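Heads up: the structure comes next, in structure tokens.
Atoms within a ligand are numbered from 1 in the order they appear, just like the ligands themselves. Model, not experiment: these values are computed from the prediction.
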Amino acid sequence: MSVRRALITGITGQDGSYLADFLLDQGYEVHGMVRRSSTEKFDRIEHARDRLILHQGDLLDQRSLVDTMRAARPHEIYNLAAMSYVAASWVQPTLTAEFTGTGVTRMLEAMRETCPDARFYQASSSEMFGKVREVPQTERTPFYPRSPYGVAKAYGHHITVNYRESYGLHATSGILFNHESPRRGLEFVTRKITWHAAAIKLGLEVKLRLGNLEAERDWGFAGDYVRAMWLMLQQDEPEDFVIATGTAHSVRECVEIAFDHAGLEVDEHVEIDPTLLRPAEVEHLVGDASKAKRILGWEPEVGFEELIRMMVEADQALLKHESSPHGVRRL
Ligand code: NAP
Ligand code: G4F
């Protein structure tokens with residue numbers, strides 16, 4: 001059988017890097033789309049750089065999407081690129097709509113023009129459920145987004161379904177609940193907590209400032225979730241799937257597990273910073289992935305406590321290295 005080619009947008013991000021590792025292990029030729037920057041930020045894919053084929057492109061630029069797809073000739077396209085940080089979506093609402101919403105249409109149009117027989121994965125989000133209409137959330141739960149990011153993702157979701165139905169594209173939308181890892185961006189709450197637990201333990205920081213400690217999320221491990229993305233594109237018929245663990249935990253519980261693992265007292269180091277509260281909050285998310293379990297045979301392998309401990313240990317190792325005479329400290 002000839003080699004399978006995959007194109008990943010957002011390959012420099014958390015999910016893109018795990019998906020690239022997974023697809024390389026499966027024997028794929030992996031292409032990634034990257035944005036031009038004055039400073040390359042390829043840390044997450046550095047270890048696999050010589051096995052990846054990178055193309056310069058941007059979700060805002062139709063020409064670059066068409067040229068990337070022509071060059072890559074993908075059998076599978078994973079559209080993971082987005083402005084993915086919810087809090088920033090109130091600061092840059094129009095840009096978020098362009099990247100995270102309209103960018104999906106640009107991708108689908110480029111695919112329709114250059115490789116209509118490819119299979120397309122759209123990175124939809126549980127943030128679309130927002131002020132939830134039912135618990136737990138399934139593929140049939142109505143959306144009620146609570147942020148410009150959630151609104152943009154709902155658009156991206158619907159346009160993916162629409163192009164599937166209008167043009168017969170093999171286009172699938174994965175509605176993924178929060179997933180984390182040692183490669184998670186430092187601004188997201190789990191990584192912010194694990195990094196600070198490690199830094200406080202090493203004497204590099206004193207305090208951790210957080211917003212809403214009572215918010216609850218259904219947190220899984222990114223490595224498990226990219227496997228689900230791939231499984232979705234192996235199905236004969238394109239369908240949408242919820243991917244979640246089925247268990248919710250609060251931000252407060254996350255702090256307790258991380259600080260306990262680092263051997264620290266929460267009360268001595270954690271402060272509430274009201275400026276970190278969001279204009280509209282998503283209080284509680286928990287998903288029902290029964291459909292994915294039944295049709296894809298997908299199950300999460302890493303539990304919440306194991307995940308947070310893994311992240312604390314990875315941050316301790318990172319900071320020890322970076323604060324050594326041979327390392328560079330980063331935040
Ligand atoms: P991430 O770490 O923030 O990565 C985002 C990626 O998108 C980066 O590679 C970034 O490139 C790229 N990007 C941003 N704007 C772009 C543009 N205009 N053109 C081209 N590339 C652009 O996000 P992630 O956690 O891996 O998430 C992957 C996708 O899944 C996102 O669409 C996110 O919204 C969605 N999602 C994530 C979760 C989660 O819990 N992680 C849950 C549900 C859905 P740079 O490196 O150049 O910035
Ligand atoms: O880690 P977060 O920033 O993730 P959020 O907003 O749930 O979004 C993530 O998951 C979505 C899936 O539902 C993705 F689509 C999206 O791309 C992203 O990956 O915040 C989680 C919770 C929120 O309720 C927030 O208010 O933690 C609360 N929180 C409390 N203090 C904080 C902080 N969040 C951040 N980032 N920083 C804090 O200091």
Side-chain angles (χ1 to χ4, degrees), residues 8-19 32-37 39-45 55-61 64-65 68 78-89 95-96 98-100 102-104 106-107 121-130 137 145-147 149-150 152-153 156-157 173-181 183-193 196 208-222 225-226 229 243-244 249-252 254-255 270-273 275-285 287:
I8 305 173
T9 72
I11 195 167
T12 55
Q14 171 189 256
D15 290 7
S17 66
Y18 277 102
L19 181 63
M33 193 182 83
V34 294
R35 294 194 276 183
R36 193 265 159 190
S37 162
T39 315
E40 276 192 359
K41 294 171 292 174
F42 293 170
D43 307 14
R44 295 182 179 109
I45 53 171
H55 306 266
Q56 195 176 302
D58 195 298
L59 289 175
L60 296 184
D61 189 85
S64 67
L65 302 182
T68 295
Y78 296 87
N79 185 35
L80 309 186
M83 201 305 287
S84 73
Y85 185 40
V86 172
S89 75
L95 192 63
T96 301
E98 285 289 348
F99 283 7
T100 306
T102 322
V104 185
R106 292 193 195 95
M107 285 292 293
Y121 173 86
Q122 168 56 19
S124 286
S125 165
S126 52
E127 182 73 12
M128 301 186 301
F129 296 124
Q137 295 86 54
R146 293 272 281 170
S147 60
Y149 168 84
K153 278 288 177 190
H157 176 87
S173 175
I175 307 175
L176 272 51
F177 283 64
N178 300 51
H179 44 278
E180 320 293 311
S181 74
R183 297 186 199 169
R184 187 59 144 151
L186 286 162
E187 67 274 40
F188 297 93
V189 79
T190 54
R191 183 79 199 285
K192 183 174 175 182
I193 291 167
H196 276 84
L208 165 60
R209 292 179 181 82
L210 292 169
N212 180 8
L213 294 185
E214 309 315 324
E216 293 183 320
R217 291 289 182 277
D218 180 333
W219 278 296
F221 171 53
Y225 285 45
V226 299
M229 296 175 188
I243 300 297
H249 297 273
S250 64
V251 173
R252 186 185 296 282
C254 180
V255 175
V270 177
E271 286 178 355
I272 302 300
D273 179 347
T275 65
L276 296 171
L277 298 174
R278 296 179 178 181
E281 177 63 289
V282 173
E283 297 291 351
H284 177 85
L285 288 175

At a 4.0 Å threshold, what atoms of ligand 1 neighbour a non-hydrogen atom of [X]?
{"X": "Met33", "result": "20 (C)"}
{"X": "Lys153", "result": "31 (C), 32 (O), 33 (C), 34 (O), 35 (C)"}
{"X": "Ala123", "result": "29 (C), 30 (O), 32 (O), 35 (C)"}
{"X": "Asn178", "result": "40 (O)"}
{"X": "Phe99", "result": "15 (N), 18 (N)"}
{"X": "Gln14", "result": "2 (O), 25 (O), 26 (O), 41 (N)"}

Next item on the list: Flag the pair Ile193 / Val270 as yes when at least one side-chain heavy-atom distance between them is below 4.5 Å, and no otherwise.
Entry: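 Heavy-atom side-chain distance check fails, nothing below 4.5 Å.
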Contacting atoms of ligand 2, where contact means under 4.0 angstrom from a heavy atom of [X]:
{"X": "Val86", "result": "6 (O), 8 (O)"}
{"X": "Ser125", "result": "11 (C), 12 (C), 13 (O), 14 (C), 15 (F)"}
{"X": "Leu276", "result": "39 (O)"}
{"X": "Arg184", "result": "9 (C), 18 (C), 19 (O)"}
{"X": "Glu281", "result": "23 (C), 24 (O), 25 (C), 26 (O)"}
{"X": "Ser84", "result": "16 (C), 17 (O), 18 (C)"}
{"X": "Ala215", "result": "24 (O)"}

Check: For the side chain of His284 and the backbone of Val282, is there at least one donor-acceptor N/O pair under 3.5 Å apart?
Finding: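 No.
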Counting non-hydrogen protein atoms only, what is the nearest one to [atom]? Give residue, atom name and distance.
{"atom": "atom 44 (C) of ligand 1", "result": "Ser124 O, 3.4 Å"}
{"atom": "atom 28 (C) of ligand 1", "result": "Leu80 O, 3.4 Å"}
{"atom": "atom 46 (O) of ligand 1", "result": "Thr12 OG1, 2.6 Å"}

Please report whether ligand 2 has a polar contact with [X], defined as an N or O pair separated by less than 3.5 Å (distance criterion only).
{"X": "Thr190", "value": "no"}
{"X": "Leu210", "value": "no"}
{"X": "Gly211", "value": "yes"}
{"X": "Trp219", "value": "no"}

Margin query: Quick test of your reading of the structure: of Ala222, Gly130, Ser126, whose heavy atom lies closest to atom 12 (C) of ligand 2?
Written below: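 Looking at heavy atoms only, Ser126 sits closest to atom 12 (C) of ligand 2.
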Note to self: If we set the cut-off at 4.0 Å for heavy atoms, which region of Glu187 has an atom near ligand 2: side chain, backbone, both, or neither?
What the structure shows: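 The backbone, only.
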Margin query: Evaluate Ser84 for polar contact with ligand 1, using N/O atom pairs at a separation under 3.5 Å.
Written below: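 There is such a contact, yes.
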Margin query: With a heavy-atom distance limit of 4.0 Å, tell me whether Arg184 approaches ligand 1 through its side chain, its backbone, both, or neither.
Written below: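 Under 4.0 Å from ligand 1, Arg184 contributes side-chain atoms alone.
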Next item on the list: Pick one of side chain, backbone, both or neither for how Arg35 approaches ligand 1, counting any non-hydrogen atom pair under 4.0 Å.
Entry: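 Answer for Arg35: side chain.
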Next item on the list: May I ask whether Thr9 places a heavy atom under 4.0 Å from ligand 1?
Entry: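 No, Thr9 has no heavy atoms under 4.0 Å from ligand 1.
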Margin query: Could you check whether any heavy atom of Tyr149 sits closer than 4.0 Å to an atom of ligand 1, since that is the contact criterion I want to use?
Written below: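 In this structure, Tyr149 qualifies as a contact of ligand 1 - some heavy atom is under 4.0 Å.
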Item checked: Spacing of CD1 belonging to Ile8 relative to CE belonging to Met33, to within rounding of 0.5 Å ->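 Going from the CD1 atom of Ile8 to the CE atom of Met33 covers 12.0 Å.
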Check: How are the rings of Tyr78 and Tyr121 set relative to one another: parallel (under 30°), tilted (30 to 60°) or perpendicular (over 60°)?
Finding: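 Tilted.
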Check: How about Ser147 and Glu127: does a side-chain donor come under 3.5 Å of a side-chain acceptor?
Finding: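 Judged by distance alone, the side chains do pair up.
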